[in-house]
Asks: 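Can you read through this structure? Questions will come right after.
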There are 2 protein chains.
Amino acid sequence: MTPQCEPGSLLTALPSAPPEQAESLGELLADTWKVIVPGLTHWQHPAFLGYFPTNNSPASVLAEYITAGLGVQGMMWSTSPAATELEQVVTDWLAQALGLPDAFRHSSGRGGGVIQDSASSAVIVATAAALQRASQGRWRTAGTEGRYRMYCTERAHSCVSKGARLAGLGEPQLIATLPGTGRMDPDALSARIDDDRAAGLIPAVVVATVGTTDVCAVDPVPDIGQLCRREDVWLHVDAAYAGSATLCPEYRHLIDGIALADSYAVNAHKWMRTGTPCDVMWTSDRAALTDAMSISPSYLRNPATDSGRVVDFRDWQVPLGRPMRALKLWYVMRAHGVEGLREAIRHDIRLAAQLAHLITAEPGFHLEVHELGLVVFRRDTDDNTRDLLSRLQADPTLLCTPTSVNGRPAVRAAFGSPYVDADTVHYVWKRIRTHAQ
Amino acid sequence: MTPQCEPGSLLTALPSAPPEQAESLGELLADTWKVIVPGLTHWQHPAFLGYFPTNNSPASVLAEYITAGLGVQGMMWSTSPAATELEQVVTDWLAQALGLPDAFRHSSGRGGGVIQDSASSAVIVATAAALQRASQGRWRTAGTEGRYRMYCTERAHSCVSKGARLAGLGEPQLIATLPGTGRMDPDALSARIDDDRAAGLIPAVVVATVGTTDVCAVDPVPDIGQLCRREDVWLHVDAAYAGSATLCPEYRHLIDGIALADSYAVNAHKWMRTGTPCDVMWTSDRAALTDAMSISPSYLRNPATDSGRVVDFRDWQVPLGRPMRALKLWYVMRAHGVEGLREAIRHDIRLAAQLAHLITAEPGFHLEVHELGLVVFRRDTDDNTRDLLSRLQADPTLLCTPTSVNGRPAVRAAFGSPYVDADTVHYVWKRIRTHAQ
Ligand SMILES: Cc1ncc(COP(=O)(O)O)c(C=O)c1O
Ligand SMILES: Cc1ncc(COP(=O)(O)O)c(C=O)c1O
């Protein structure tokens, strides 16, 4: 499942000069199976429990094939109307299916969804919109001048720091978490915002996480949201993995208060049977996004854009060009039905519970977290945990990845692969116990 | 070829609520042909001469299908070694095929190529690297403080302004062009850099263009490059469209001086038979990129990364996650051979010359530009040109898009679609003449 190869092995196996003459697709297919596939980590393998999953499904793969064949580019409505409108429809559908407020739908007239490549890009886009609002557009010409501030906890994904950096804001301000929970402390946030204002700085954007990467912690969005409204600070909520769970009514509470957010992002490619890349981002203030990012040179002018009656997704994202991204989400939602997608989530959470149960019952093991499809555990001592981690990383038949909890090393097992089943849990548990001996 | 649909027609044709129950792939395919395809602008149609093209080819489509099926995620070497190493190999191959200096290859040890989604993202990445170098890393924590400057001409693509804005630099400084050429004036750049330094500002990055979107102008890279070296300013060269032409030795002169650039980007999806998205970006200073963008939380730690012996492409791009992007470029290069790709370029340039010839010979028409596959022309009066443009935009059987040259409206026809041929030129020309009457 994970390849047994040394760094550089493919570099030396392939010719160092490009082919001058054409070769047949048959040769390419043969080489793909011979030299590429053995060197891949198989993210779709049932025993891939590393990181957070990347999904696919027959419907998604078929849609990507068709998308590649059609080869259209939907930077603006006019450059493929159906690509744009399908994206409006499916992001509205998904907003409904996830229990998001009406304000996040295109049909509301003020908000809407857009498919980004990644949760990282969603952070960049949210930051641009936040700066647009906080500066009334002045950052676009004058730059950020080191005065705008972004806030998150140290458990926020590293893409938040990267986003702050790339936006010229430097490091985000790290807000303390409520003791023992990993959840952002809203009072600490409030105090920091006050201090920053007093120092002449401009609080621009808070990134709250629903389901942190390390332990699937959920920031208190209702409190943070109220504070952000009061302070007129943009609230972006990153639910890259956990967001898919709210397809099920019993997990809707994870996004309590989401109506107070200005933008929200879920990676459909993590836990919704859709191939990567497919991050779905919603905003209730699309004018802030498009005001932040639109530029209209003469070579992009067209009557539809000029009429103001259409959505041009180029102004909702970093790149100009974009493949038709909505087709695969449309295929996935229709081929599974929302009911099928819900079943998948429940199935994965049941398996995680099964593993958590086995861990709890085992002497010398300590369950740190079982939250949705994520299980985090450690051994009795840190040395034993480290030892287990390095044995697991050397085992090619499964993948669990490291994390740390309260400064102590721990093992993560994240469920969400479309192909994981009860047998996988037994197999993985058997290997873990063997490696722990 | 361009759809005849009103804004909102798909929005009303599709149900407003997501399906609860699963539907068959057969239904999806039928609906795709019934409601989606008629609403697309067919970028692969032979008479699509709008914008710059977006290519595909059987090899590329097949590779995208396989990529979707494998569903791996190559954020780090360890998460799919072959995905990373294949990208190193094909970007080295392409560097050779395009006549780029050795310093841009992974095999040089200091540089290398990476596949981005877009030329826009390449600008953002280059800017991050430039800020890293200009500030010795201080921007990462302190922000950009409105002191760093980006330079380009007003003919640079709008993605350069967007990139400057998103990086917190405000508007880029627009450098005058040499009279009548559209090419950046190196003396004007030099003077502006001097002025900015005198004012306590920090010149960080110049974006030069090889093949501007409006008229395919080529900035004088040798002079700009020498200046940038002397001033220690990052030089990014954007050759999104025109860059593919240097596959042919007779067009290598377009990138004279490219060894003086710090980074360089070509959209293989524009004119190299590769499906979108596939922008290939090279740098001769990969440490600047990775120093600018790497962040290593515990959940991404792994022995291969720790060893320092591998490339982790997450640190070369904005997003964390990434599909395996190199497979389609590998398929395209092998299935066509470099010779086949060269032939395609020459074929398209011949067709453009044919159209240019017809325009020159026609009374009441004025050829503004014929450069590579781009032809730009106007009618005798601006009113006539505007009239022609709006008739062309209403004609569903072909696509030419507007631009302006020296403040006057003009029509662009860009060759590079894989399916364009001599018949297309005759057909398009016949329609243009009809619309002009
Ligand atoms: C909570 C969270 N946010 C963001 C990301 C980054 O995702 P992407 O690769 O889409 O940028 C991840 C990735 O695992 C994540 O877990
Ligand atoms: C010269 C140039 N640079 C950049 C771009 C933007 O390309 P992308 O859509 O890949 O961001 C274009 C698009 O046409 C272009 O012509």
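These numbers come from the heavy atoms of this one structure, side chains and all, not from hydrogens, waters or symmetry mates. All of these numbers come straight from a predicted model, not from anything done at the bench.
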Asks: Would you mind checking which part of B:A17 comes under 4.5 Å of any heavy atom in chain A, side chain (CB onward), backbone (N, CA, C, O), both or neither?
Replies: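 Both parts, backbone and side chain.
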Asks: Under 3.5 Å, side chain of A:D279 to main-chain N/O of A:D117, donor-acceptor pair present?
Replies: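 No; judged by distance alone, with no hydrogens or angles, the pair does not exist.
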Asks: Taking side chain as everything from C-beta outward and backbone as N, CA, C, O, which of these in B:Y51 sits under 4.5 Å from a heavy atom of chain A? Side chain, backbone, both or neither.
Replies: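 For B:Y51, the contact with chain A is made by the side chain alone.
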Asks: If you measure from CZ on A:R342 to CD on B:E20, what distance do you get to the nearest 0.5 Å?
Replies: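 Between A:R342 CZ and B:E20 CD, I get 4.5 Å after rounding to 0.5 Å.
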Asks: So which residue, A:M293, A:K328, A:R412, ends up with the most heavy-atom pairs under 4.5 Å with chain B?
Replies: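 Most heavy-atom pairs within the cutoff with chain B belong to A:M293.
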Asks: Check each atom of A:T32 against the heavy atoms of chain B and say whether the ones under 4.5 Å are side chain, backbone, both or neither.
Replies: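 Both backbone and side chain.
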Asks: Checking heavy atoms, do the side chain of B:L70, its backbone, both or neither come under 4.5 Å from chain A?
Replies: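 Backbone plus side chain of B:L70, per the 4.5 Å heavy-atom cut-off to chain A.
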Asks: At a heavy-atom distance under 4.5 Å, which candidate from A:N302, A:T127, A:L86, A:I124 has the highest pair count against chain B?
Replies: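 Ranked by heavy-atom pairs under 4.5 Å with chain B, first place is A:L86.
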Asks: Where does A:V72 contact chain B at under 4.5 Å (heavy atoms): side chain, backbone, both or neither?
Replies: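 Contact with chain B: backbone and side chain both.
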Asks: Looking at A:L10, is its backbone amide N or carbonyl O close enough to the side chain of B:Q88 to form a donor-acceptor pair, meaning the two atoms are under 3.5 Å apart?
Replies: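 The answer is no, because no donor-acceptor pair under 3.5 Å joins these two groups.
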Asks: Can you tell me how far apart CG (B:L300) and CG (B:L320) are? Round to the nearest 0.5 Å.
Replies: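 These two atoms lie 5.5 Å from each other.
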Asks: Name the option with the most non-hydrogen atom pairs under 4.5 Å to chain A; the candidates are B:T2, B:L131, B:N55, B:D31.
Replies: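 The answer is B:D31.
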Asks: Under 4.5 Å, counting heavy-atom pairs only, tell me which of A:S57, A:S24, A:A82, A:A13 racks up the most with chain B.
Replies: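 Most pairs with chain B among the choices: A:A82.
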Asks: With chain A, which of B:V318, B:T276, B:L169, B:V35 has the greatest number of heavy-atom pairs at distances under 4.5 Å?
Replies: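 Sorted descending by pairs with chain A, the first entry is B:V318.
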Asks: Quick check for you: to the nearest 0.5 Å, what is the distance between A:Y65 atom OH and B:T67 atom OG1?
Replies: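 If I round to the nearest 0.5 Å, the distance is 12.5 Å.
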Asks: Taking every non-hydrogen pair under 4.5 Å, which of A:P323, A:G275, A:G337 racks up the most with chain B?
Replies: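 Answer, by heavy-atom pair count under 4.5 Å with chain B: A:G337.
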Asks: Just by modelled atom types, is the A:P15 backbone N or O under 3.5 Å from a matching donor or acceptor in the B:W93 side chain?
Replies: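 Flag set: sc B:W93 to bb A:P15 pair under 3.5 Å.
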Asks: Could you measure the distance from the CD atom of A:Q44 to the CD atom of B:Q73? Nearest 0.5 Å is fine.
Replies: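 Nearest 0.5 Å value for the CD-CD distance: 10.5 Å.
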Asks: So which part of A:W77 gets closer than 4.5 Å to some heavy atom of chain B, the side chain, the backbone, both or neither?
Replies: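 It is the side chain, since no backbone atom gets that close.
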Asks: In terms of heavy-atom pairs under 4.5 Å, which option from B:H157, B:R301, B:R105, B:R138 contacts chain A the most?
Replies: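 Looking at each of B:H157, B:R301, B:R105, B:R138 in turn, B:H157 comes out on top.
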Asks: For B:E154, look at atom CD and say whether over 12 heavy atoms of other residues, nucleotides or ligands are found less than 6.0 Å away.
Replies: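 Open: at most 12 neighbouring heavy atoms sit under 6.0 Å from CD of B:E154.
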Asks: Which bit of B:L341 comes within less than 4.5 Å of chain A, counting heavy atoms only: side chain, backbone, both or neither?
Replies: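 For B:L341, there is no contact with chain A at all, as no heavy atom is under 4.5 Å.
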Asks: Could you tell me whether a side-chain N or O of B:D92 sits under 3.5 Å from a main-chain N or O of B:H106, the two making a donor and an acceptor?
Replies: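 Flag set: sc B:D92 to bb B:H106 pair under 3.5 Å.
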Asks: Any idea which of B:S80, B:G143, B:A68 has the most non-hydrogen atom pairs under 4.5 angstrom with chain A?
Replies: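 Maximum pair count with chain A is reached by B:S80.
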Asks: Looking only at heavy atoms and a cut-off of under 4.5 Å, which of A:A335, A:P297, A:G340 has the most pairs with chain B?
Replies: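 With the most close heavy-atom pairs to chain B, the winner is A:A335.
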Asks: Heavy-atom distance under 4.5 Å to chain A: side chain of B:Q393, backbone, both or neither?
Replies: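 Side chain of B:Q393 only, per the 4.5 Å heavy-atom cut-off to chain A.
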Asks: I'd like to verify something: which residue of B:E27, B:E171, B:H42 has the highest number of heavy-atom pairs under 4.5 Å with chain A?
Replies: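 If we count pairs closer than 4.5 Å to chain A, B:E171 comes out on top.
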Asks: Relative to chain A, which segment of B:V90 carries a heavy atom at a distance below 4.5 Å: side chain, backbone, both, or neither?
Replies: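 Neither part, no heavy atoms under 4.5 Å.
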Asks: Ignoring hydrogens and angles, tell me if any N or O in the side chain of A:Q116 forms a donor-acceptor pair with the backbone of A:N267 under 3.5 Å.
Replies: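 Checked: no pair found.
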Asks: Check the side chains of A:S118 and A:S121 for a donor-acceptor pair under 3.5 angstrom, ignoring hydrogens and angles.
Replies: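 A donor-acceptor contact under 3.5 Å links the two side chains.
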Asks: So what's closer than 4.5 Å to chain B heavy atoms on A:A59: side chain, backbone, both or neither?
Replies: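 For A:A59, heavy atoms of backbone and side chain both lie under 4.5 Å from chain B.
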Asks: Could you tell me if the side chain of B:R314 sits less than 4.5 Å from the side chain of B:R322, heavy atoms only?
Replies: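 SC-SC contact between B:R322 and B:R314 ruled out.
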Asks: Of the backbone (N, CA, C, O) and the side chain (C-beta and beyond), which part of A:P3 lies under 4.5 Å from a heavy atom of chain B, both, or neither?
Replies: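 For A:P3, the contact with chain B is made by the side chain alone.
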Asks: With distance as the sole test, does A:R165 use its side chain to make a donor-acceptor pair with the main-chain N or O of B:A292 at under 3.5 Å?
Replies: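 Indeed, once roles are kept as given, a pair shorter than 3.5 Å links the two residues.
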Asks: Would you confirm whether B:W43, through its side chain, and A:T79, through its main-chain N or O, come within 3.5 Å as a donor-acceptor pair?
Replies: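 Side chain of B:W43 to backbone of A:T79: a pair is present.
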Asks: Write down the atom of B:P18, the atom of A:Q96, and the distance for their closest heavy-atom approach.
Replies: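 Scanning both residues completely, I find the closest heavy atoms to be CD-OE1, 3.5 Å.
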Asks: Given that the side chain runs from C-beta out, which part of B:P38 has a heavy atom under 4.5 Å from chain A: side chain, backbone, both or neither?
Replies: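 For B:P38, neither part sits under 4.5 Å from chain A.
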Asks: A:V123 versus chain B, heavy atoms under 4.5 Å apart: side chain, backbone, both or neither?
Replies: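 Contact with chain B: none, neither part.
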Asks: Hey, which of A:L25, A:T213, A:V89 has the most heavy atom pairs under 4.5 Å with chain B?
Replies: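 Result: the option with the highest number of such pairs is A:T213.
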Asks: Under a 4.5 Å heavy-atom cutoff, which of B:C5, B:A63, B:P81 has the most pairs with chain A?
Replies: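 The answer is B:P81.
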Asks: Could you look at B:T84 and say if it's the side chain, the backbone, both or neither that has a heavy atom under 4.5 Å from chain A?
Replies: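 No part of B:T84 comes within 4.5 Å of chain A.
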Asks: Does any heavy atom of chain B fall under 4.5 Å from the side chain of A:E6, the backbone, both, or neither of them?
Replies: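 Contact with chain B involves both backbone and side-chain atoms of A:E6.
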Asks: Without swapping roles, check the side chain of B:E85 against the backbone of A:G8 for a donor-acceptor pair under 3.5 Å.
Replies: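 Yes; judged by distance alone, with no hydrogens or angles, the pair exists.
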